[in-house]
J.: 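Handing you this structure, nothing more for now.
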Amino acid sequence: MKTDFRNSLGYPMALLGGIALMTSAAISVADWLTQADITQRQLEDLQATLQQVVPATYFDNDLVRDTVTLRAGDQTVIAYRARRNGQVQAVCYQVSAPGYGNSAMVMVMGVDRAGTLLGVRVISHAETPGLGDKIEVTKSDWILKFNGRSLNDPPPFGWAVKKDGGIFDQFTGATITPRALVSAVKSGLEFFAAHRLALLDEVVAGGTPK
Amino acid sequence: MNPATFANIPHAHSQDSVPKLMGRVLLALLPATLYGVVLFGWPAFNLLAVTVLACLLGEAVCLWLAGRSVRLGMLDGSALLTGMLLALSLPPWAPWWIGAIGGAFAIVVGKGVFGGTGQNVFNPAMLARVMLLVSFPVQMTTWLDPHPWLSGSAPSFLEGLQVTFGHWAATDGVTGPTILGHIRTELGMNHALSQSVPGHYQSALAAVGWTGGSLGETAEILILLGGLWLLWRRAITWQIPVAMLVTVLLLASGFHWANPERFADPLLHLLSGSLMLGAFFIATDPVTSPLAPVGQIVFGIGCGALVYIIRTWGGYPEGIAFAVVLMNAATPLIDHYFRPRIYGRTWRGESRPIEKKSDEN
Amino acid sequence: MIVAMAALTSLGLFFGLLLSLAARIFRVPVNAQREEIMALLPGVNCGQCGYPGCGGAADALIAGQAVPTLCPPGGSALARSLATALGQTLDSAENGPPLLAEIDEGRCIGCAHCGKQCPTDAIIGAPKQIHSVFQEACMGCGLCVDVCPTECLQLRPQTPTLAHWLWPKPMLEGA
Amino acid sequence: MSRHVFWGGVHPPGQKHLSAERPIELLPIPARLYLPLQQHAGGPALPVVTVGQRVSKGELLAKAQSATSAPLHAPTSGTIAAIGEFTAPHPSGLPMATITLEADGADQWIEREPSPDPFDLEPAEVARRVGAAGIVGMGGANFPSAVKLDKARQAKVHTLVINGAECEPYMSCDDRLMRERAAEIADGVAIMLHAVQAARAVIAIEDNKPEALQTMRDACRVDERMEVRSLPSRYPAGSAKQLIQWLTGLETPAGGRGTDTGLLVHNVGTAYAVHRALRYGQPLISRIVTVSGGAVAEPRNLEAPIGALAADLLAYCGGVDTDCTRLLMGGPMMGQPLPCAETPVVKGTNGILALTAAELGEQRSPEPCIRCGRCVEACPMGLLPVEMANSARQEDWSGIQALKLNDCMACGSCAYACPSRIPLLQYFAFARSQLAEQRRQESKAQHIRQLMEQRQARFAREERVKAEAAAQRRAAKQSRVVVTADDDDDD
Amino acid sequence: MNDYRRIFADGLWGNNVVFVQMLALCPLMAVTTTATNGLGMGLATTWVLLSANIVIASLRHWIAPEVRIPVFVLLIASLVTLADMAINAWLHELYKVLGLFIPLIVVNCCVLGRAEAFASRQPVLASAADGLAMGLGLTLALVLIGACREVLGSATLFAQASLLLGQSFAFLEIVLIQDYSGFLLMLLPPGGFLVLGFLLAGRRLLERPRP
Amino acid sequence: MRDYLLILLGAALVNNAVLVRFLGLCPFMGVSNRVDAALGMGMATTFVLTLAVAVSWLLEHYVLAPLNIQFLRILAFILVIAALVQFTEMFIRKASPALYQTLGIYLPLITTNCAVFGIALLNIQQQYDFISSLLYGLGSAMGFTLVMALFAGIRERLALANVPAAFAGAPIAFIVAGLLALAFMGFVGLPVR
Ligand SMILES: Cc1cc2nc3c(=O)[nH]c(=O)nc-3n(C[C@H](O)[C@H](O)[C@H](O)COP(=O)(O)O)c2cc1C
Ligand SMILES: Cc1cc2nc3c(=O)[nH]c(=O)nc-3n(C[C@H](O)[C@H](O)[C@H](O)COP(=O)(O)O)c2cc1C
Ligand SMILES: Cc1cc2nc3c(=O)[nH]c(=O)nc-3n(C[C@H](O)[C@H](O)[C@H](O)COP(=O)(O)O)c2cc1C
Ligand SMILES: Cc1cc2nc3c(=O)[nH]c(=O)nc-3n(C[C@H](O)[C@H](O)[C@H](O)CO)c2cc1C
Ligand code: SF4
Ligand code: SF4
Ligand code: SF4
Ligand code: SF4
Ligand code: FES
């Protein structure tokens, strides 16, 4: 009888186990089927982002695959290297900053050999629409003002919003976001300065370029 | 059976009425309002007028929709008072639509949907202020240095209209931070207070009211006098203002004593921002504060603590409005748990045996 | 992949066994009516009825504390089936003050039919005598009304006396 | 005793000057007196007279039904005109059982035995005599005084509090009584002390009655057990619970009795009635009534026979002006509105007020409650009147009981203080009567269930009897069958 | 047929998941800052509702009461995960718009709610209809609320609809006021609640029995 | 210590599960008619949430991560949480009828409470250690309980007030929830993690 075996102790167990088996099998298969595509799509996304901050003229390699992993403080930073003719012309990497209300802002920045900024783009943030979101390049060209800057241009005290005596505009009514962004970009440049050799794959000793 | 026979038990009533009560509060606000208008000129007057009109209009519409007598409903004066208090908490040169949206929101969402006067849970004026601050941070945080009426820097009537109703962009010449905002900015850059708040700036000027800030927060002394008058006329009770001020004072003293470079001194806390207005005129709104004296003390302490927390660690330089609205939310629970002891019962509501009392004596 | 499947399956087996055992060990006696109501309720356990989940709602329904229209997710169809299951009608709205039987003494012929009908013996009177209703025992069921040949027996609202008088509810226009 | 405070309370304007400065006058006996059978807390009195019977002044008309009940005596001599229904002194204007007495004008006393010295009597006997005299509390609660005296003696009460607070506005009957008959009151207090076997008596008088304070002090000087204390003039200082709280700091436990605190509270009028009953054998047949209010031509205090109509009293005081908007029995705070002036004075009637619209306060319609908490501040019981009213409006009966509506004494302080004129007391009265109705319905349902069970039992019995009869018949038939086989068509 | 008509009438309006059952509130509040977001979330949820109802209805005779809920949530979660992976791999542009919301569907309690209330008791076809109807009802609510918030908050309607639906739907994108400075309240958490509150009051007025 | 406190406060107030993160809204609207029910629900949620966070953390760090099968995270978490809640309910029901009445009856409601699962997932994303995870779960649950209680208090009061017919019930409840969310924006910017 049907009802009989359903009342047995093992039936629920077998049922749940069976369903778990089925679903995990389905997911595993799906994972296996989609894994490659998803990775590919993600790489494409990454590439698209990276190309925003490193102009195509700087590289002829597949820059998403030419990476170096470094430690900065307690964080690991993955830097992508743009090579032309085998020589690293520029690198780009992610930095993050605390935005308004403790949310994190993540951006990528591209820096050329000389330590000059090629570009900065915010890739994710939770700033307030209409206030803090002027950091998006689609909303305002504010972020483009970093192009061509370097650690000494402006001099260190100028790396601040105007309200704090620096050279970068703040937004009306939102100082926190630009302030945090400026200081994150600055520390990003400092990171470059500190790890320049490793980043440019010119380590003679000690580093382990990949 | 003649229903009139049942009306009005008992057959004697105190002479107080709601319009009288509201009238007293309005009267107590008048000196500070006049001072604010004089200090900030025509634009301040325009904003006040727009805000109050928006409130009155909103009230009329709500009463009409609810099918009540518009005339009777308007006469109680609560919409007028809401409008006044809202205007007093706005930046004086804010554009007209700030006042209009705020006033309408205060009355319609803050009060109308709850069923009108007396039914609302949150303080309508502060709700509107919070809403405006959250929705229009730019306009709501552009503060102005004083431009007293007859002085050279005061805008003329036409310029006033231009400020309130036209396009006017704040220029650095006329705007300036309030003390609390200044402190926040300075602390944000890790400057110690002793550098950023020079001694003379501290309390004297703020107390006299020669400072930027919202319409109604500049004249602390006038507000305080108005509040004391209200206490004397028994329009408000002492529990909320005293509990609130004492809490801020104690917290500020404690932290200032522990680290004077990080935490502003207590007098500055008391005399800056809109603490006085909040303590005497806003937190005391009878509708949205607890009924019983015990509950009112808890409410006052809660407001004071939240004000201090938001001012010191929060994202906004001033916390009165948020503190009041948050405590409004807690008011029903306070009313539920902090009740007077019933005669002949213990605090928990059980019958109270006699012996205990003689022990206590 | 095998690892993944094995891991999740063993989790499934483990918890399946756990629950299966628990259902046996922690079995609590069930109440047939409660099971019936539970089977009707959606089982969403959303709590919108104001009771803690469908179980709580079922208990309240059985205890008569809740009305069949309590469950928003169930909609009106559920209300109908609940009402049937509980033997209630949906429009159990109160209708005015309770009515009690009253005999118009002028027309009573003392047929004594009504007295036999009354389930509470509230009608007093010997045959051929004028009957009267003892209102403290009448529950207003109206059984007697149908049998009265002269229609002198009617259900009427109780006549007010000092002992029954109720204070009117204050009616406020706005407040 | 040290000074204590009682919570809450209000300060309504006193208005006592209207009537307090004229001596008590005797109301001429009206032609007809209307004596409701229930003038006290407890079961109604049972008539012992018949229509047409002649009675003398002080003769028993109706006897107490049970221990908590009180007898009724004829306030004057005359004929019983009717035993029927008459408008009750109640806002509903519904009738209640009443004896109508047609006065003969002779005012002829019944034969009275000379009274023995009360101090020679057993305390219990004193109380019995108080009960037989039909004395009920004159302070408004109308509770039979004999019961209170007995219970207090058994509870070993140490202090007798004589309540001369008279905190209701307009009322001055106790004031006049104390000013004019202080010695008699003091004697009544002494007798009550004996009845209760208490050690001391405190006579508490509000400080807005300096002359009464003085005369009572003078009268009590003779007995060192008695002390006169002046109370702050704040309504409801005269309420027994608040009085006890003010005097001792003790609170009557909820659900308990005042005597639990070791104190017994009685009104000054009660003391006076006890004096009359024990010294002269006079039952309670008259009382002092304040007739006042802006619509009364000559406000004053009258000694009126029980059963006189409010109309009689008002007429004696010069009639009522046309601007009278409300008639009250009792003070403005706790008094009952009267449906008409044709309602009788009862034992608990301390005043008849005819108030003008101006005195009632402008007739404003209620405004919305602004939760100002004045009602909470004013409530001497520490209740939340506004929450109780809200629960009543939403008919949340369990909620209102959780707020302890039962502890509310309907003093009216909350509604007096309310700036929005919320009809708080009507809401409470509405809730109380609904709750009472629920209890009635419940007990009725229970009663009906019993009746139905009885009926079922009766049917079952009848069935059984029938069945037995049938069985017997069948048995008989069978036995007959044995005898004659063809006796079948019997059934 | 009548039966199915009732299922759809219920799902879309009479027993709407949001307006009447008051379920699925979390994703509702979280994504409805624009009508487009609402539409995307609604469509994704509809798919999950539909497939979950079908799967559960076909398994309904096999479910043991002891493990009913774990089985249901497992099935729903795997359906959602499958959808997530599939869209990510093969409809990547759509994923960029919807991606954030899809995992939210797992915890959307209306899916489990329908599984319990309908699919576990009804045949497959009816359950499928129910899932579809409820999903469309949810979509309706999401779009309605999203539209209100979007219009009030940023004075646009169906902004970026072409990203979700393809270029041919670009005509949906409407900008109502050019230089609207924005009414942030509507885009922030409180806005969702307020809009839903007012919509419910409006629905109440619509449904008011006319004498 | 300070960090732990900040995690707790951050989860409870600044990133309140209901008003800011939009998790658990359905029971928030459903079981908030009475304060005692709201508190019961809050306590039950506190219990389950803490349990769920702990179990999911262990699962993640001792099963999923070592086996490198994080793509099964959703499945595994939801299975384990649902089973544990059901087990707890059965257990309490048998073991302690008193506890069942105050707490256990709310447990079935929690299966529809997406906060439990949402917080467990969020917690893994935060990469907390075990203790911090527990505090995060506890804080979130405390925040949930707090707003439930506040909201229920307000709704009890509104039930006795004169709310216009069009708004009485659910509409005003949503509006109040919105205003409550507005009020909670006052906590934005508190320096918490
Ligand atoms: C709802 C709201 C959202 C805000 N969002 C942001 C934001 O995204 N970025 C930002 O820097 N400030 C934001 N602010 C903060 C204020 O505008 C704040 O006053 C300002 O950043 C401080 O700058 P100030 O030094 O110019 O006053 C927000 C304020 C409010 C009320
Ligand atoms: C009643 C009242 C409440 C206020 N509440 C706030 C508030 O919650 N947040 C705020 O930033 N300013 C508030 N203000 C204004 C402040 O007191 C002060 O003017 C403001 O913090 C200046 O900030 P800023 O320097 O950043 O522009 C309020 C003013 C009043 C009168
Ligand atoms: C609000 C309130 C006010 C009262 N005021 C008086 C008063 O002024 N004088 C008085 O004798 N009794 C007053 N009473 C009645 C007393 O509580 C108490 O019943 C009475 O003094 C007992 O005396 P008795 O039994 O002799 O009437 C008041 C009662 C209440 C509830
Ligand atoms: C002492 C006092 C303070 C008041 N404070 C406020 C206030 O802060 N905000 C407000 O909108 N209304 C205030 N009112 C007016 C009124 O109570 C308020 O509009 C009600 O909330 C409307 O139901 C106040 C009234 C009084 C008597
Ligand atoms: S409202 Fe309906 S589905 Fe929700 S818990 Fe109550 S009975 Fe269950
Ligand atoms: S109505 Fe019913 S209970 Fe009343 S007398 Fe008639 S039969 Fe009896
Ligand atoms: S005194 Fe009147 S207005 Fe004030 S809280 Fe009480 S009932 Fe409301
Ligand atoms: S009437 Fe009742 S509630 Fe009002 S003050 Fe007196 S005791 Fe308190
Ligand atoms: S609780 Fe219902 S969707 Fe979150």
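Proteins come first, then strands; the chains are lettered A, B, ... in the order of their sequence lines, and each starts at number 1.
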J.: If you round to the nearest 0.5 Å, how far is CG of F/Leu23 from CG of E/Leu25?
T.: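 The CG atom of E/Leu25 sits 12.0 Å away from the CG atom of F/Leu23.
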J.: Mind ranking F/Gly30, F/Ala173, F/Ala170 by heavy-atom pairs under 4.5 Å with chain E and telling me who comes out on top?
T.: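 The candidate making the most pairs under 4.5 Å is F/Ala170.
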J.: What pair of heavy atoms forms the shortest contact from E/Ser78 to F/Leu75, and how long is it?
T.: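 That closest heavy-atom pairing would be N-CD1, 3.4 Å.
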J.: If we define contacts as heavy-atom pairs under 4.5 Å, which of E/Leu74, E/Val67, E/Leu23, E/Thr81 has the most with chain F?
T.: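 Most pairs with chain F among the choices: E/Leu74.
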J.: Just do the side chain to side chain contact (heavy atoms under 4.5 Å, CB included) check on F/Cys26 and E/Cys109 with the steps written out, would you?
T.: CA-CA 8 Å; F/Cys26 306; E/Cys109 50; 3.0 Å; yes
J.: Calculate, to the nearest 0.5 Å, the distance between atoms CE and CG belonging to F/Met185 and E/Leu185 respectively.
T.: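 Taking CE in F/Met185 and CG in E/Leu185, the distance rounds to 8.5 Å.
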J.: Which residue, F/Leu182, F/Leu19, F/Ile175, forms the side chain to side chain contact (heavy atoms under 4.5 Å, CB included) with E/Pro190?
T.: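 Single side chain to side chain contact (heavy atoms under 4.5 Å, CB included) partner of E/Pro190 among F/Leu182, F/Leu19, F/Ile175: F/Leu182.
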J.: Just how far is it from atom CG of E/Leu112 to atom SG of F/Cys114, taken to the nearest 0.5 Å?
T.: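 So the CG of E/Leu112 and the SG of F/Cys114 are separated by 11.5 Å.
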J.: Main chain of F/Ala168, side chain of E/Arg204: is a donor-acceptor contact present, judged purely on distance under 3.5 Å?
T.: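 Between the backbone of F/Ala168 and the side chain of E/Arg204 there is a qualifying donor-acceptor contact (under 3.5 Å).
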J.: Taking the six-membered ring for Trp, is the centroid-to-centroid distance between F/Phe174 and E/Phe198 below 6.0 Å?
T.: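 Not under 6.0 Å, so no.
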J.: For F/Phe91, I'd like to know if atom CZ has over 12 heavy atoms of other residues, nucleotides or ligands within 6.0 Å.
T.: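 No, not enclosed.
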J.: Relative to chain F, which segment of E/Ile76 carries a heavy atom at a distance below 4.5 Å: side chain, backbone, both, or neither?
T.: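 Answer is neither: E/Ile76 stays 4.5 Å or more from chain F.
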J.: Are E/Leu194 and F/Leu179 packed together at the side-chain level, in the sense that at least one heavy-atom pair is separated by less than 4.5 angstrom?
T.: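 SC-SC contact between E/Leu194 and F/Leu179 confirmed.
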J.: What option among E/Val195, E/Leu199, E/Leu28, E/Val73 has the most heavy-atom pairs under 4.5 Å with chain F?
T.: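 Highest number of heavy-atom pairs under 4.5 Å: E/Val73.
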J.: Does the side chain of E/Val80 come within less than 4.5 Å of F/Ile74's, by heavy atoms?
T.: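 No. Closest side-chain heavy atoms not under 4.5 Å.
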J.: Near E/Arg121 CZ, under 6.0 Å, is it more than 12 heavy atoms from other residues, nucleotides or ligands?
T.: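 Counting other residues, nucleotides and ligands, CZ of E/Arg121 exceeds 12 neighbours.
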J.: Would F/Leu25 and E/Phe193 count as a side chain to side chain contact (heavy atoms under 4.5 Å, CB included) if you check the C-alpha gap in whole Å, the side-chain angles of each, and the deciding distance to 0.1 Å?
T.: CA-CA 11 Å; F/Leu25 281 174; E/Phe193 289 108; 3.6 Å; yes
J.: Measuring from F/Ile81:CD1 to E/Ile69:CD1, what's the distance to the nearest 0.5 Å?
T.: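 Between atom CD1 of F/Ile81 and atom CD1 of E/Ile69 there are 13.5 Å.
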J.: For residues F/Gly24 and E/Cys26, report the shortest heavy-atom separation together with the two atoms involved.
T.: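 Reported closest heavy-atom pair: N-SG, 3.3 Å.
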J.: If every non-hydrogen atom of F/Ala82 is compared with every non-hydrogen atom of E/Pro70, which pair is closest and at what distance?
T.: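 The pair with the smallest heavy-atom distance is CB-CA, 4.2 Å.
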